**Student:** 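Submitted below is the structure of interest, expressed as structure tokens.
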Amino acid sequence: MTLPQSYKNKYERLLGDEAAAFFASFTQSTQKAYRVNPLKNQTQLYATPDNGQVPYGKWGHFGSVSGRSVDHTNGVVYSQEPSAQFVGEVVQPQPGEKVLDLSAAPGGKSTHLAAFMQQDGLLWTNEIFLNRAKILNENIERMGIYNSIVSSQKPEELSAKLPQFFDKILIDAPCSGEGMFRKDPDAISYWSESYPAECAQRQRDILAEAVKMLKPGGELVYSTCTFAPEEDEQMIAWLLSEYPDFSVVPIEKVNGIADGRPEWADSQYVSGISDHSQTTHMTELKGTARLWPHLLEGEGHFVAKLKLSTDTVTSDANVTTIQSSSLTAQQRDLLTAFIKDTLIDFELAEDRLILFGDHVYLAPTGAPSIKGMRILRVGLELGSFKTKRFEPAHALALALAPHQFQQYYEMNDAQWRQFVHGDVLNVEGDFKKGWVLMTMNGNGAGFGKYVNGQIKNFYPKGLRFAIK
């Protein structure tokens, strides 16, 4: 790997004796990892290797995940770089809170936050670019998360709709990506001496909008996968200066995680103009965290946690609640019949039913109005209305446990391969005609429909694949 000389000069100046070890880490192989999803009925791994626990991640393990494995397709695991797992641990939202992940695609950190929330509260997960938001939406569904709203909005559009609404906000900021050099060497080609400063301007714009959406007393977590002080310590120094009602919450450091560098908040010092002994800087920035690739197993991250004072003067923040959709009499009858014939002890809150065309969703409790917003998912997709029938959504199979269904069928390896390929399954068993939850390793994998000894396959066509 050939690093730009100006990049090397910068970090030789900043890191001093540490620089050699830092640069040497770029020549070492990357360490793959994943998280186990506690929202699933069965979290015992089926065939995913476990090479030890990530020391700073509650559900994190070292090992590689196959995208065509039982564990992946059923949402039991999420492949996530080790140091990135520390971010969710810092946010650590509680059940019942309202939480925003503002720059969320592809969904690693959002799905981590959901694990802490245990389907209780509201997780609003947003991605400005629609094509990436679609990937985010797929991962939210795969992990069986049903207290989430997925949107594709600009930060300023969200802040206009949701002032002072969230208890916690995560900004995993778009950055210069220096922590991705080892994992993706092509990222080096995007780097230039001016690139961190360009990214920093975008980050300030995002932060300025995020601040508007945080409740007094709320917490904001800011993270990047870059080492650049312009986007890390200097960004937090700017925030504290611009918004004095914020204070740094010191992050507990374990297993090689290092303090932030207060002196790097001085742009002149970073550029080599100022003598360090003459700089004034905010000592509280030591409370931020740096994950360096030469000090731990991971690609690198910067994380800062800030709290907004409860004494913050607020303006009138009026966020209206979501309005349920009016189902036709036929739609209501079809949905009610499906629940009665297929599910067990499933409470249908009609005041939270939302229609998107023919698709019906059960919105999260406490969801705000989504009028005028680009929304990809609002809670749990129950299914869609067809001509004189109701067809359950794949999301429902991934979100509920087998014991919540009147009929489920546990597949063996051969049958699972047939199922994900889209084949009809011949089965033996005492089933009634109708919907069957197809399970593998104790978790829902999708739906089938039993008729005369066969289960017709309803695994989504866009997800099907062949295993040789």
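All figures in this text were calculated on a predicted structure; none of them were measured in a lab.
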**Student:** For Glu350, is there an ion pair with Arg332 - N to carboxylate O distance below 4.0 angstrom?
**Tutor:** yes
**Student:** Do the side chains of Arg290 and Phe227 get nearer than 4.5 Å, heavy atoms only?
**Tutor:**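 When only atoms from C-beta onward are counted, Arg290 and Phe227 do touch, with a gap below 4.5 Å.
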**Student:** Tell me the closest heavy-atom pair linking Ile257 and Ala289, and the distance in Å.
**Tutor:**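 Heavy atoms only, the tightest pair is CG2-CB, 3.9 Å.
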**Student:** Please check if the side chain of Asn147 supplies one atom and the backbone of Pro364 the other of a donor-acceptor pair under 3.5 Å.
**Tutor:**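 Flag not set: sc Asn147 to bb Pro364 has no pair under 3.5 Å.
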**Student:** What verdict does the side chain to side chain contact (heavy atoms under 4.5 Å, CB included) test give for Lys109 and Gln80, after you've listed the backbone C-alpha separation in whole Å, the side-chain angles of each residue and the deciding distance to 0.1 Å?
**Tutor:** CA-CA 9 Å; Lys109 296 179 176 69; Gln80 187 179 34; 3.9 Å; yes
**Student:** Can you tell me how far the OH atom of Tyr409 sits from the OH atom of Tyr450, to the nearest 0.5 Å?
**Tutor:**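 The OH atom of Tyr450 is 10.5 Å from OH of Tyr409, to the nearest 0.5 Å.
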**Student:** How about Trp59 and Phe116: are their ring centroids closer than 6.0 Å?
**Tutor:** yes
**Student:** So that I can tick it off, tell me whether Glu97 and Lys168 are bridged by a salt bridge, with the cut-off set at under 4.0 angstrom between side-chain N and carboxylate O.
**Tutor:** yes
**Student:** Would you mind reporting whether Pro163 and Val319 have side-chain heavy atoms less than 4.5 Å apart?
**Tutor:**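 The answer is yes, as the side chains (C-beta and beyond) meet within the 4.5 Å cut-off.
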**Student:** Hydrogens and angles aside, do Asn126 and Ser151 bring a side-chain donor and acceptor to less than 3.5 Å of each other?
**Tutor:** yes
**Student:** Taking all heavy atoms of Lys305 and all of Ile251, pick out the closest pair and write down the distance.
**Tutor:**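 So the two residues come closest at N-CD1, 4.0 Å.
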**Student:** Would a 4.5 Å heavy-atom cut-off, applied to side chains only, mark Phe419 and Asn457 as touching?
**Tutor:** yes
**Student:** For His72 versus Gly67, what's the shortest heavy-atom pair and its separation?
**Tutor:**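 Smallest interatomic distance, heavy atoms only, reads CD2-O, 3.0 Å.
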**Student:** Could you check whether any side-chain N or O of Lys456 sits under 3.5 Å from a backbone N or O of Gln454, counting only pairs where one atom can act as donor and the other as acceptor?
**Tutor:**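 A pair under 3.5 Å: no.
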**Student:** Side chains of Asp172 and Ser223: do they bring a donor and an acceptor to under 3.5 Å?
**Tutor:**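 Note: Asp172 and Ser223 side chains meet the donor-acceptor criterion.
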**Student:** Thr125 and Ser148: side-chain donor and acceptor closer than 3.5 Å?
**Tutor:**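 On atom types as modelled, these side chains do not qualify, holding no pair under 3.5 Å.
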**Student:** Give a yes or no answer on whether the side chain of Ser83 reaches the backbone of Gly298 with a donor-acceptor pair at less than 3.5 Å.
**Tutor:** no
**Student:** Under 6.0 Å between the ring centres of Phe458 and Trp435?
**Tutor:** yes
**Student:** Under 3.5 Å, is there a donor-acceptor pair between the Thr224 and Asp232 side chains?
**Tutor:**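 Yes, side-chain donor-acceptor contact under 3.5 Å.
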**Student:** Can His112 and Glu89 be said to form a side chain to side chain contact (heavy atoms under 4.5 Å, CB included), step by step?
**Tutor:** CA-CA 8 Å; His112 196 176; Glu89 299 290 333; 3.2 Å; yes
**Student:** May I ask you to check whether Asn137 and Glu141 show a side-chain donor-acceptor distance below 3.5 Å?
**Tutor:**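 There is no such pair between these side chains.
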**Student:** More than 12 foreign heavy atoms under 6.0 Å from NZ of Lys286: is that the case here?
**Tutor:**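 Not more than 12 within 6.0 Å, no.
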**Student:** Got Thr321 and Gln323 here, is their nearest side-chain heavy-atom distance under 4.5 Å?
**Tutor:**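 Result yes, sub-4.5 Å side-chain heavy-atom pair found.
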**Student:** Considering all heavy atoms of both residues, which atom of Thr439 and which atom of Pro402 are nearest to each other, and what is their separation?
**Tutor:**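 Where Thr439 meets Pro402 most closely, the heavy atoms are CG2-CG, 3.9 Å.
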**Student:** Sort out for me which residue in Leu162, Val99, Leu102 forms a side chain to side chain contact (heavy atoms under 4.5 Å, CB included) with Trp124.
**Tutor:** Leu162
**Student:** Does the side chain of Gln118 reach to within under 4.5 Å of the side chain of Leu39, using non-hydrogen atoms?
**Tutor:**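 Counting from C-beta outward, Gln118 and Leu39 do come under 4.5 Å.
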**Student:** Does the Ser79 side chain pair with the main chain of Tyr34, one donor and one acceptor, at a distance under 3.5 Å?
**Tutor:**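 Not at all, since once roles are kept as given, no pair shorter than 3.5 Å links the two residues.
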**Student:** Does Lys253, at its NZ atom, have more than 12 non-hydrogen atoms belonging to other residues, nucleotides or ligands within less than 6.0 Å?
**Tutor:**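 Correct, the count exceeds 12.
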**Student:** Mind telling me whether Phe465 and Trp416 have parallel, tilted or perpendicular rings, with 30° and 60° as the class edges?
**Tutor:**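 Ring orientation of Trp416 relative to Phe465: perpendicular.
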**Student:** Please report the closest heavy-atom contact between Ala210 and Leu220, naming both atoms and the distance.
**Tutor:**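 Closest approach of Ala210 to Leu220, heavy atoms only: CB-CD1, 4.3 Å.
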**Student:** Donor-acceptor pair, distance only, cut-off 3.5 Å: does the side chain of Glu233 make one with the backbone of Glu230?
**Tutor:**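 Checked: no pair found.
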**Student:** With heavy-atom distances below 4.5 Å as the criterion, would you say the side chains of Pro196 and Glu178 are in contact?
**Tutor:**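 A side-chain contact under 4.5 Å exists here.
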**Student:** Show the numbers, then the answer: is there a side chain to side chain contact (heavy atoms under 4.5 Å, CB included) between Tyr222 and Leu239?
**Tutor:** CA-CA 11 Å; Tyr222 173 87; Leu239 182 69; over 6 Å; no
**Student:** What are the two closest heavy atoms between Ser110 and Ile140, and how far apart are they?
**Tutor:**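 Distance-wise, the nearest heavy atoms are CB-CD1, 4.3 Å.
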**Student:** Looking at side-chain heavy atoms only, is the closest gap between Leu353 and Leu382 below 4.5 Å?
**Tutor:** yes
**Student:** In terms of heavy-atom contacts, does NZ of Lys433 have more than 12 from other residues, nucleotides or ligands at under 6.0 Å?
**Tutor:** no
**Student:** Calculate, to the nearest 0.5 Å, the distance between atoms OG1 and CD belonging to Thr30 and Glu81 respectively.
**Tutor:** 9.0 Å
**Student:** Using a strict 4.0 Å threshold on nitrogen-to-oxygen distance, state whether Lys183 and Glu299 make a salt bridge.
**Tutor:** no
**Student:** Can you tell me how far CD of Glu219 sits from CG of Asp167, rounded to the nearest 0.5 angstrom?
**Tutor:**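 Nearest 0.5 Å value for the CG-CD distance: 9.5 Å.
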**Student:** For His301 and Phe86, what are the C-alpha separation, side-chain angles and deciding distance, and is it a side chain to side chain contact (heavy atoms under 4.5 Å, CB included)?
**Tutor:** CA-CA 9 Å; His301 252 73; Phe86 184 65; over 6 Å; no
**Student:** Nearest 0.5 Å, please: how far is CD in Gln164 from CG in Asn318?
**Tutor:**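 Going from CG on Asn318 over to CD on Gln164, the span is 11.0 Å.
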**Student:** When rounded to the nearest 0.5 angstrom, what distance separates CD in Gln203 from CH2 in Trp238?
**Tutor:**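 Gln203 atom CD to Trp238 atom CH2 measures 10.5 Å (nearest 0.5 Å).
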**Student:** Under a 3.5 Å distance rule, please check whether Ser69 uses its side chain to pair with a backbone N or O of Ser66 as donor and acceptor.
**Tutor:**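 Looks like yes, one N/O pair under 3.5 Å.
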**Student:** Is there a donor-acceptor pair under 3.5 Å between the side chain of Gln406 and the backbone N or O of Lys340?
**Tutor:** yes
**Student:** Between the side chain of Asn441 and the main-chain N/O of Gln44, is any donor-acceptor distance below 3.5 Å?
**Tutor:** yes
**Student:** Between Phe356 and Tyr361, is the ring centre distance below 6.0 Å?
**Tutor:** yes
**Student:** How many angstroms lie between atom CG of Leu130 and atom CG of Leu376, to the nearest 0.5 angstrom?
**Tutor:**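 Here the rounded value is 6.0 Å.
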**Student:** Quick one, Lys371 and Thr320 - any side-chain contact, counting heavy atoms below 4.5 Å?
**Tutor:** no
**Student:** Quick one: does any side-chain atom of Gln119 pair with a main-chain N or O of Tyr146 as donor and acceptor, under 3.5 Å?
**Tutor:**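 Yes.
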**Student:** Taking the six-membered ring for Trp and the single ring otherwise, decide whether the centroids of Phe405 and Phe447 are under 6.0 Å apart.
**Tutor:**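 Phe405 vs Phe447: aromatic centres under 6.0 Å.
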**Student:** Mark yes or no for whether Asp71, through its side chain, and Tyr46, through its backbone, hold a donor-acceptor pair below 3.5 Å.
**Tutor:**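 Yes; at least one donor-acceptor contact below 3.5 Å.
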